[in-house]
Undergrad: 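There's a structure below that I have some questions on.
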Amino acid sequence: MTTKMNRRGFLATTGAAAGALGFLGKAAFAQDGGTLRFGLSAYPPSFDVWASNGTAAGTIKLMCHRGLLSYDKDGVMQGELAESWEVSEDGTWTFKLRDANWHDGTPVTAADVAWTVTEAQKADSAAYLQGQLATITSIETPDEKTVVMKTDGPQAVLPSWFAHYNMSIMKTGSERDSMMGAGPFKMVSTDRGVSLSLEANTDYYKEGMPKVAGVEAIVYADENLRVAALEAGDVDVVEYVPWQAMAQVGDNDSLQLDTTFGPFMYLTFNGSKPPFDNPLVRRAVGHAIKREDIAAAAFYERGAPLEHLPIADASEFYNADLANAWNYDPDKAMALLAEAGYPDGFDCTMLSTAQYGMHQSTAEVCQAYLSMVGINVTLDLPEWSTRIKKGNEGSYDLSVMGTAADNNDPDGLANVVDGSLPAAYARSYGLETPEISELFKKGRAIFDAEERKAIYKELEQIAIDTAPIMGLCWREQGYGLAGNVSGFSNMPGQLTFYSGFTLEEAMLG
């Protein structure tokens, strides 16, 4: 990645070291700071707390729920329901809980944590982190404020699982889509497809937070209308500022533009059937596409080519010698297709969505370049919730995907490239990755930074050779804010989709 990151830079957050953050005490009240109006890019397809359903759903969940841990505005891991955490020499993790209440006024207990993990571990839980949680072999609760987790081997990155916005703690017995949590806001009402209303949780465990009396989340699926609403003062914050409008927002003296690099675009494949069960074909696709044109067409030059696994060049795990491994080379693409038994190419369907312009534009650029090597692509562009459903079911040949890793550590890429995890739209479908899966497992067991670097370089080389995904383009990700909004932050690097954490600090005026 050649484009520089924003002022907060890249911060690795492995969670390998224990930490704690002390708050001033439980809030007696929330400040009467008015209602913040937040422009969502989509109505959440589901409120399932542990499932992955996109950024809009994640933002709403982060208003109502909290996990054991989270990240601060600079990307540093901090305590939430847990006030401290530590690991013993045998790899056992111990979390100490702070005093906190559920929205119904009852206390959060260690038993709730144990119940949450046990439920999310179940094969039918649809939990985004179900595969990782399956390595937890026992959970002990010696008292109401202590949780002890043992795993089937050392897990250096376990804290990062409990800082993920799809791993909030739930009250024992809750429905998986319950919005009754321990977060800074309470759900008041919903108008499906249109808006959601939330009010401040006056019993929140952080003093003086949240700083607004409520949030009105209003859906603007059309990206141009979303920007127009911000400019007209109809909303105070919008997510997914379209790339063609970033300069327009940034140059407006009455508005603020907060951007970061970290998210990326890539292709996933249906590995359960020909032709994309063949790694030679997957690599051919990568060499057939000129990524600079994606950066220009989809991101208005606010992107950069991605020709390797999405590890930023500011990361200590970046491997410069692998940076151009999937470079644009149409002759090589055609040679690989011939070697795979497709000298004349083939027909296929590419899944994307018309709801987000950058997804459709990326798909159209890919379609054009693939046609030049004989791969004739028909685009399937449903709205977002259907795109997610088709991705989860494997109803595609190859698909355009855009996301960020789970955190700024290479292990955060597991949910993108580890084929041993349950089927999910963010990963290729039916594509096993035994060597990669084993190296992720090995990397989680190591606390030494240099040893981990060697493990992840080996993993990246195997990924380049087998192409479980195909990197396309880094992208700048932006929030637009009214001039009187403060406190809300676009979190750095891969953590941009965690930015809903900071809504508890948002202020108007």
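The chain is numbered in sequence order, starting from 1.
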Undergrad: Using side-chain contact (heavy atoms from CB on, under 4.5 Å), reason through Leu481 and Asp258 one step at a time and then give a plain yes or no.
TA: CA-CA 8 Å; Leu481 301 89; Asp258 191 354; 4.1 Å; yes
Undergrad: Hey, does Ile136 have a side-chain heavy atom less than 4.5 Å from the side chain of Thr151?
TA: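 The answer is yes, as the side chains (C-beta and beyond) meet within the 4.5 Å cut-off.
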Undergrad: For Lys441, does the NZ atom have more than 12 heavy-atom neighbours from other residues, nucleotides or ligands under 6.0 Å away?
TA: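 Atom NZ in Lys441 is not crowded, with 12 or fewer foreign heavy atoms closer than 6.0 Å.
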Undergrad: If a pair satisfies salt bridge (Lys or Arg N to Asp or Glu O under 4.0 Å) and one of its residues is in residues 122-139, list it, with sequence neighbours excluded.
TA: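 Those involving residues 122-139 are Glu119-Lys122, Asp124-Arg176.
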Undergrad: Is it the case that Thr260 and Gln477 place a side-chain donor and acceptor less than 3.5 Å from each other?
TA: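 Their side chains do not contain a donor-acceptor pair, so the 3.5 Å distance test is not met.
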Undergrad: In residues 54-68, what donor-acceptor pairs under 3.5 Å come from side-chain atoms, sequence neighbours left out?
TA:
residue	atom	partner	partner atom	Å
Thr55	OG1	Tyr240	OH	3.4
Thr59	OG1	Thr55	O	3.0
Lys61	NZ	Asp48	O	3.1
Lys61	NZ	Val49	O	3.3
Lys61	NZ	Ala51	O	2.7
Lys61	NZ	Asn166	OD1	2.7
His65	NE2	Ser178	O	2.9
Arg66	NE	Tyr204	OH	3.3
Arg66	NH1	Leu62	O	2.4
Arg66	NH2	Phe501	O	3.4
Arg66	NH2	Glu504	OE1	2.9

Undergrad: Distance alone, cut at 3.5 Å: any donor-acceptor contact between the side chains of Thr268 and Ser399?
TA: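 Side-chain D/A pair, Thr268 to Ser399: present.
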Undergrad: Counting distance only, does the side-chain N/O of Thr94 pair as donor-acceptor with the main-chain N or O of Glu86 below 3.5 Å?
TA: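 No, the answer is negative, given that no donor and acceptor are paired below the 3.5 Å cut-off.
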Undergrad: Kindly give the heavy-atom pair with the smallest separation between Tyr479 and Val241, and that separation in Å.
TA: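 Smallest heavy-atom distance, with atoms named: C-CG2, 3.5 Å.
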Undergrad: Heavy atoms, side chains only, cut-off 4.5 Å: are Arg387 and Tyr356 in contact?
TA: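 No; the side chains remain at least 4.5 Å from each other.
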Undergrad: Please list all pairs passing the salt bridge (Lys or Arg N to Asp or Glu O under 4.0 Å) test where one or both residues lie in residues 101-116, with sequence neighbours left out.
TA: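 Qualifying pairs, neighbours excluded: Asp104-Lys171.
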Undergrad: Do Tyr396 and Ser352 come within less than 4.5 Å of each other through their side chains, counting heavy atoms only?
TA: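 Side chain of Tyr396 against side chain of Ser352, heavy atoms only: no contact under 4.5 Å found.
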Undergrad: Is it the case that the side chains of Thr259 and Glu476 hold a donor-acceptor pair, with the cut-off being a distance below 3.5 Å and no angle test?
TA: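 Checked: Glu476/Thr259 side chains pair up, N/O donor to acceptor below 3.5 Å.
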Undergrad: Can you pull the salt bridge (Lys or Arg N to Asp or Glu O under 4.0 Å) pairs that have at least one residue in residues 419-439, sequence neighbours excluded?
TA: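 Non-adjacent pairs meeting salt bridge (Lys or Arg N to Asp or Glu O under 4.0 Å): zero.
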Undergrad: Going by distance alone, is a donor N or O of one side chain under 3.5 Å from an acceptor N or O of the other, for Glu216 and Thr35?
TA: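 Judged by distance alone, the side chains do not pair up.
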Undergrad: Are Lys389 and Glu383 ion-paired here, with the side-chain N under 4.0 Å from a carboxylate O?
TA: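 Salt bridge flag = no for Glu383 with Lys389.
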Undergrad: Any chance the side chains of Tyr429 and Glu393 put a donor and an acceptor closer than 3.5 Å?
TA: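 Per modelled atom types, Tyr429 and Glu393 side chains form no pair under 3.5 Å.
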Undergrad: Please list all pairs passing the ring-ring contact (aromatic ring centres under 6.0 Å, His included) test where one or both residues lie in residues 97-131, with sequence neighbours left out.
TA: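 The answer is Tyr128-His164.
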Undergrad: Does anything in residues 147-158 form a salt bridge (Lys or Arg N to Asp or Glu O under 4.0 Å)? List the pairs, not counting sequence neighbours.
TA: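 Every salt bridge (Lys or Arg N to Asp or Glu O under 4.0 Å) pair that includes a residue of residues 147-158, provided the two are not neighbours, is Glu140-Lys150.
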Undergrad: Kindly indicate, with the supporting measurements, whether the criterion side-chain contact (heavy atoms from CB on, under 4.5 Å) is fulfilled by Glu83 and Asp99.
TA: CA-CA 9 Å; Glu83 63 181 1; Asp99 290 333; over 6 Å; no
